[in-house]
Amino acid sequence: MRKYVIMGVPGSGKSSQASWLARDLDLVHISVGDIFRWNVQQHTKMGADVRRIMAGGELVGDDLAEKVTAQRLAEHDWNYGFIVDGFPRNARQAEFFLESYDIDAVIHLDLPDAEVRRRVLARRLCSGCGLDYNLIEGRPRVEGKCDVCGGTLVTREDDTEEALVVRLRDYHEKTDPVLAIFARKEYVLHIDATKDKDEVQQAIREALGLPASKPDPSAQP
Ligand code: AMP
């Protein structure tokens, strides 16, 4: 059983690195942001409550974020473990998490703010299957269409210059202290996220003492 948390500024590659690791190790990838985005897309009551907060780049309330995470983990479909992405985001959430779960490692993807802007503004998301694209690293074969499902590629509502300023500010003010909390328990593995996607994945595996991975099967040609 492996239990990991993955952290990093917006655009540091958390989601793709976590999915890759999860796929190979049979872990359940729990992305709190994805759960909220799904609720927005499906027009649920929760979606209506969080939509504007998310679009502005703000964090949703701790009670809700904790509830969503706890409910997802309570499904106990993670026979081989989990990798949590996007939680905890502040000291309160970190305490909540540590009271409820023991974890093996926190993977911290380290990326300077200067690089964040370039990456985030080039990010697109498939509105059909949710696959992430980055127009710097790999364009889709047909512009604006997903290579896998043909869905339309869209920009996340919070991938704007204005929302990015808020997200980065929040990250440094609220999420940096989470790293300090975890670091006191010696959980944190710092990974240089400026490298390309494959190198970052190999560095994660090495830090976790896992064998090297095969090339990412979901990589865009
Ligand atoms: P992400 O995909 O992780 O960047 O999350 C997208 C958005 O979902 C964030 O900007 C927040 O509005 C919200 N969100 C995700 N995780 C949390 C969390 N742990 N606490 C509060 N808000 C969150």
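This chain uses plain numbering: 1 for the first residue, then up along the sequence. Atoms within a ligand are numbered from 1 in the order they appear, just like the ligands themselves. If you're wondering where the values come from, they're calculated on a predicted model, not measured in any experiment.
- Between the side chain of E58 and the backbone N or O of V166, no donor-acceptor pair lies under 3.5 Å.
- Of the protein's heavy atoms, F36 CE1, 3.9 Å lies nearest to atom 23 (C) of ligand 1.
- Listed by chain and number, the residues in a side-chain contact (heavy atoms from CB on, under 4.5 Å) with A122 are N134, L135, I136 (sequence neighbours excluded).
- In this structure, R156 counts as a contact residue of ligand 1, since one of its heavy atoms falls inside 4.0 Å of the ligand.
- The protein atom (non-hydrogen) at minimum distance from atom 22 (N) of ligand 1 is V60 N, 3.1 Å.
- At least one donor-acceptor pair under 3.5 Å links the side chain of Y133 to the backbone N or O of D147.
- With respect to atom 6 (C) of ligand 1, the closest heavy atom belonging to the protein is R37 NH1, 3.5 Å.
- Looking only at protein heavy atoms, the nearest one to atom 11 (C) of ligand 1 is E58 O, 3.5 Å.
- Among protein heavy atoms, atom 9 (C) of ligand 1 sits closest to R89 NH2, 3.5 Å.
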What pairs of donor and acceptor atoms, side-chain ones from residues 62-70 against any protein atom, are under 3.5 angstrom apart with sequence neighbours left out?
| residue | atom | partner | partner atom | Å |
| --- | --- | --- | --- | --- |
| D62 | OD1 | N90 | ND2 | 2.8 |
| D62 | OD1 | Q93 | NE2 | 3.0 |
| D62 | OD2 | N90 | ND2 | 3.4 |
| D63 | OD1 | R92 | NH2 | 2.5 |
| E66 | OE1 | R92 | NH2 | 3.1 |
| E66 | OE2 | R92 | NE | 3.0 |
| T69 | OG1 | A65 | O | 2.8 |

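- For the pair S16/K197, a side-chain contact is recorded, criterion being any heavy-atom separation below 4.5 Å from C-beta on.
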request  = Please test L168 against V116 for side-chain contact (heavy atoms from CB on, under 4.5 Å), starting from the C-alpha separation and ending with a verdict.
outcome  = CA-CA 9 Å; L168 275 173; V116 168; 4.2 Å; yes
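- In this structure, Y101 and F97 have tilted ring planes: the angle between them lies in the 30° to 60° band.
- Residue, atom and distance of the protein heavy atom nearest to atom 7 (C) of ligand 1 are M54 CE, 3.7 Å.
- With respect to atom 16 (N) of ligand 1, the closest heavy atom belonging to the protein is G86 O, 3.2 Å.
- At a heavy-atom cutoff of 4.0 Å, ligand 1 is contacted by the side chain of Q93 but not by its backbone.
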